[in-house]
Structure formats: structure tokens, C-alpha cells
Amino acid sequence: MTRFLLLTFIVCTLSSCVEKEQQALSSDKMTEVLTDIYLAEVYSSIVNDTTGVSAKKNMDSLAVYYKSVLVHHGITLDQFSNSLRWYSSHPEEMDSVYVNVLNELSTMEGVQNASNTE
């Protein structure tokens, strides 16, 4: 009986010390967030600064865009970072998300091209 209690105590102690893996964002939510992150990356490279249009990313505007993307989707930077780590360690799921992101961006490009030809 003493061994059982000692073993239970050790297991409980060790399990409380282990950092539990947080739940990653759903693939649909991750697709939406990454799509907006990629758009923010593009927008930050075309922002005017005091010297004119810059070919480099404007890190100040990029930080603002990132923050607004996270706020828009109702997530924190930690949730996004943890989800990104989770998806990075699950390549099949990450590939699926990236395929969806590319499809979303292609759809947006198609809509943009169609509106330009009208």
C-alpha cells in the first residue's frame, strides 16, 4: 500500500511539472490567420515612408499589421506561436493549411484580376 501511495505521489508530481501541450488553432482558423499574415507582409513592403516607397518591409507597419491581425481573429501572440510550433511538428497538417492558404490567396488574386478587367 505504501508503494502504491508513493508511486501515485511521484506520478502526480511529475505530471504537474510537465508542460502540457496547448491546443492548436483549428486548421480553418490557422488558414485565415496565415492568409492575413501573408497579406500584412505584402502591405508592409509597399508602405510609404518619408523617403518614398520602400522595397523593404517597413517593420513598424508590419508590427501594427500583425497586432491587428491577431486582434481581428481574437487570438494572442502566444496562441499563434504555440499553434505555429504545433503545426511545424505535424507536417501533414501544416501542408494542408498551406494548401488552403495558397487557395485563398489565389482566389483573392482571381477576384482582383476580374475586377480590374471590368
Side-chain angles (χ1 to χ4, degrees):
M1 180 70 168
T2 313
R3 286 183 182 177
F4 176 75
L5 290 175
L6 182 60
L7 181 62
T8 303
F9 175 75
I10 291 172
V11 168
C12 289
T13 303
L14 291 176
S15 66
S16 67
C17 293
V18 175
E19 184 178 323
K20 295 181 180 174
E21 184 175 328
Q22 292 185 342
Q23 184 68 24
L25 297 174
S26 70
S27 63
D28 290 340
K29 185 75 162 181
M30 195 66 172
T31 298
E32 293 172 6
V33 173
L34 284 177
T35 300
D36 288 347
I37 291 289
Y38 284 119
L39 292 173
E41 294 273 342
V42 171
Y43 292 152
S44 73
S45 66
I46 59 175
V47 170
N48 289 332
D49 62 11
T50 56
T51 62
V53 177
S54 175
K56 296 180 183 177
K57 291 179 189 169
N58 183 318
M59 298 311 281
D60 291 335
S61 65
L62 185 58
V64 171
Y65 291 147
Y66 272 25
K67 184 176 180 180
S68 72
V69 166
L70 297 176
V71 167
H72 173 75
H73 290 285
I75 62 172
T76 65
L77 181 58
D78 284 340
Q79 289 172 309
F80 177 70
S81 297
N82 290 335
S83 294
L84 200 54
R85 271 193 295 278
W86 185 89
Y87 279 99
S88 295
S89 67
H90 296 85
E92 294 85 19
E93 287 84 0
M94 183 65 120
D95 286 346
S96 174
V97 167
Y98 273 116
V99 165
N100 292 335
V101 168
L102 292 174
N103 288 338
E104 285 293 318
L105 294 172
S106 295
T107 300
M108 290 177 183
E109 182 181 35
V111 168
Q112 180 66 32
N113 289 339
S115 67
N116 287 340
T117 60
E118 293 177 357

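Every value quoted in this text rests on a predicted model; they were computed, and no experiment measured them.
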Spacing of [X] atom [atom1] and [Y] atom [atom2] [to the nearest 0.5 Å]:
X   : Y    : atom1 : atom2 : value
M94 : S83  : CE    : OG    : 10.0 Å
Q23 : W86  : CD    : CH2   : 7.5 Å
T35 : M30  : OG1   : CE    : 10.5 Å
T31 : L105 : OG1   : CG    : 10.5 Å

same_hphob_cluster([X], [Y]) at 4.5 Å side-chain heavy-atom cutoff:
X   : Y   : value
I37 : V64 : no
L62 : L77 : yes
Y43 : L70 : yes

Nearest atoms (heavy-atom pairs only) where Y87 meets S27:
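Taking every non-hydrogen atom into account, OH-N, 3.1 Å.
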
Over all heavy atoms of both residues, which pair between L39 and M108 is shortest? Give the atoms and the distance, please.
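Smallest interatomic distance, heavy atoms only, reads CD1-SD, 3.9 Å.
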
When the side chains of residues 96-104 are checked against the rest of the protein, which donor-acceptor pairs come out under 3.5 Å, sequence neighbours left out?
residue, atom, partner, partner atom, Å
Y98, OH, Y38, OH, 3.2
N100, ND2, S96, O, 3.3
N103, ND2, V99, O, 3.3

If only side-chain N and O atoms count, and only distance matters, is there a donor-acceptor pair under 3.5 Å linking D36 with H73?
yes

